[in-house]
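Working notes for the structure below.
Sequential numbering from 1 along the given sequence is applied to the chain's residues.
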Amino acid sequence: MSMDKFYMRRCLELAMLGADEAAPNPMVGAVIVQNERIVGEGYHQKCGEAHAEINAFQSVKDKSIFAKCSLYVSLEPCSHEGRTGSCAKKIIELGIPKVVIGCLDPFAEVNGRGIEMLKNSGVEVRYGILENECIRLNKRFFKFYGDKRPWVRLKWAKTSDGFFDKHRADKQIGTNWITTRRTKQLIHKWRSEEQAILVGSNTVINDDPKLNVREINGASPLRLIIDPKLKIPRSSQVYSDGMATIIFNNSIEKVEDHIIFYKVVSDDFIPEIFNFCRSENIISLLVEGGANLLSRFINRNCWDEAVVLTGDICFKQGLAAPKINAPIIDRFNFGTDSIKLYRND
């Protein structure tokens, strides 16, 4: 492995430390090298706080060495001032002669301008080191600014005979469990990785879910619920537990305590949900159900990854699980449950 790749891999390791709190900003790691020795490190710890480069600079006690150092950073240094100042400008001020970059920043206010600013000031710049790995790390960020929509992960469980749920008797409420209770930890981990979670009204009416993170330590996603005719009972947990919730509907637009009623005129809710996510800088979305909503995302090709859990249980009859035709990029067992991960290339 070349030394450039070695240092860039360290940048990626550092960047991942910001996974919990960097969003909607990208995860970024930075390394300062002098005479083939790392003398400073940093990563973007939390949205709104110092960027990776600034934290790396602050980790170096002797500031006089910068003129003899190289900076490695997994994402192009920002050129605009923003909330935390321009990293490219700071690099120039400190007199760092060489910058090695993993990939360009897709954000329109940067996207090549950081590199241009550095080069115009005489800084030697190289980029594209472990480029694919750097892009993959921030797949949500790149999707949001590249395709103007959130990165979408679909998730559902099905029985070994292919059913999503049992047929419901009138007013029957409660989850018909397919996977084991232990698998809930994995499901809640996936919830904690996305900024918002989306379900339809039938899921809430049938299961009365909390849609939060409980089984692990992690932040709960913002709840988005499609309820065109406002059928969800006010006794449901999403109304009563005090957590922020957006209800997409066809009739009212108002704020009521922790609930925001978001009026949508069209019957096609997916574009409106994407518009809402863009306006609120929500770069990732987990779609958990129901079967019809999941199928709509699949049929419109508006998804990026899908997680399908198969439990060791049969319903023999019921609501058929969604079907997906895409490459399987990973599969594994979690106790008695089997899990497949699909990617929409």
Side-chain angles (χ1 to χ4, degrees), residues 23-24 106 135-136 138-158 162-165 187 190-191 193-207 209 211 221-232 245-251 253 260-310 319-330 339-345:
I135 292 173
R136 193 177 306 122
N138 285 302
K139 56 191 177 184
R140 296 163 177 82
F141 183 77
F142 275 81
K143 174 60 67 172
F144 187 77
Y145 287 104
D147 290 356
K148 311 303 180 185
R149 69 160 174 84
W151 184 87
V152 175
R153 171 183 276 167
L154 311 178
K155 191 278 295 181
W156 71 88
K158 65 186 181 83
F163 292 104
F164 183 86
D165 197 1
I187 294 169
W190 291 326
R191 285 182 181 177
E193 292 172 352
E194 313 309 340
Q195 285 188 278
I197 184 170
L198 174 68
V199 297
S201 57
N202 285 341
T203 295
V204 179
I205 292 169
N206 291 336
D207 298 345
L211 302 174
L222 176 65
R223 294 186 303 212
L224 309 182
I225 299 172
I226 299 175
D227 187 12
K229 297 183 180 179
L230 297 174
K231 297 187 301 181
I232 296 172
T245 304
I246 315 297
I247 307 287
F248 293 88
N249 70 94
N250 289 142
S251 56
E253 184 149 2
I260 297 176
F261 293 92
Y262 191 99
K263 185 177 179 179
V264 176
V265 177
S266 169
D267 290 332
D268 189 358
F269 281 80
I270 293 178
E272 292 291 342
I273 289 165
F274 285 171
N275 287 338
F276 173 82
C277 289
R278 279 198 300 271
S279 68
E280 298 298 320
N281 282 326
I282 295 171
I283 68 172
S284 65
L285 178 66
L286 175 64
V287 184
E288 283 207 0
N292 179 58
L293 179 61
L294 289 160
S295 294
R296 287 170 67 182
F297 273 86
I298 294 169
N299 293 337
R300 291 188 60 149
N301 202 33
C302 293
W303 64 281
D304 300 288
E305 284 187 4
V307 180
V308 182
L309 305 94
T310 303
L319 178 64
K323 297 188 182 300
I324 194 164
N325 182 20
I328 298 174
I329 60 171
D330 194 13
I339 299 167
K340 292 180 181 178
L341 177 64
Y342 297 83
R343 179 179 296 159
N344 187 11
D345 293 327

Considering all heavy atoms of both residues, which atom of [X] and which atom of [Y] are nearest to each other, and what is their separation?
X: L293; Y: G200; value: CD2-N, 3.7 Å
X: E193; Y: R140; value: O-NE, 3.7 Å
X: N344; Y: N301; value: ND2-OD1, 2.7 Å
X: F276; Y: I282; value: CE2-CD1, 3.8 Å
X: F141; Y: P24; value: CD1-O, 3.6 Å
X: Q195; Y: N281; value: OE1-O, 3.6 Å

Pairwise side-chain contact, [X] with [Y], heavy-atom cut-off 4.5 Å (strictly under):
X: D304; Y: R149; value: yes
X: K155; Y: L309; value: yes
X: L198; Y: F269; value: no
X: L230; Y: S251; value: yes
X: F274; Y: P150; value: yes
X: R136; Y: F142; value: no
X: F297; Y: P322; value: no
X: K143; Y: I283; value: no

Nearest 0.5 Å, what's the [atom1]-[atom2] distance between [X] and [Y]?
X: D227; Y: T203; atom1: CG; atom2: OG1; value: 11.0 Å
X: I260; Y: I246; atom1: CD1; atom2: CD1; value: 3.5 Å
X: R153; Y: L286; atom1: CZ; atom2: CG; value: 7.0 Å
X: T245; Y: L211; atom1: OG1; atom2: CG; value: 8.0 Å
X: I298; Y: I324; atom1: CD1; atom2: CD1; value: 4.5 Å
X: I270; Y: N275; atom1: CD1; atom2: CG; value: 12.0 Å

For D345, all residues meeting side-chain contact (heavy atoms from CB on, under 4.5 Å), sequence neighbours excluded =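 In terms of side-chain contact (heavy atoms from CB on, under 4.5 Å), with neighbours along the sequence ignored, D345 is linked to P327, R343.
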key: Atom NZ of K139 with >12 non-hydrogen neighbours under 6.0 angstrom   =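 Result for NZ/K139: enclosed.
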What donor-acceptor contacts under 3.5 angstrom involve side-chain atoms of residues 261-268, with partners at least two apart or in another chain?
from: S266; atom 1: OG; to: D268; atom 2: N; distance (Å): 2.9
from: D268; atom 1: OD1; to: R300; atom 2: NH1; distance (Å): 2.7
from: D268; atom 1: OD2; to: R300; atom 2: NH1; distance (Å): 2.3

message = Donor-acceptor check, side chain of S201 to backbone of I232, threshold 3.5 angstrom: yes or no?
response =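 It does not hold such a pair.
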ask   = Under the side chain to side chain contact (heavy atoms under 4.5 Å, CB included) criterion, do L319 and F163 qualify, and how do the steps go?
value = CA-CA 6 Å; L319 178 64; F163 292 104; 5.8 Å; no
task = Enumerate the residue pairs fulfilling side chain to side chain donor-acceptor pair (under 3.5 Å) with a member in residues 284-297, sequence neighbours excluded, ordered by first and then second residue.
result =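 Counting only pairs at least two positions apart or across chains, the side chain to side chain donor-acceptor pair (under 3.5 Å) contacts touching residues 284-297 are R191-E288, E194-S284.
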ask   = Can L224 and L285 be said to form a side chain to side chain contact (heavy atoms under 4.5 Å, CB included), step by step?
value = CA-CA 9 Å; L224 309 182; L285 178 66; 3.9 Å; yes
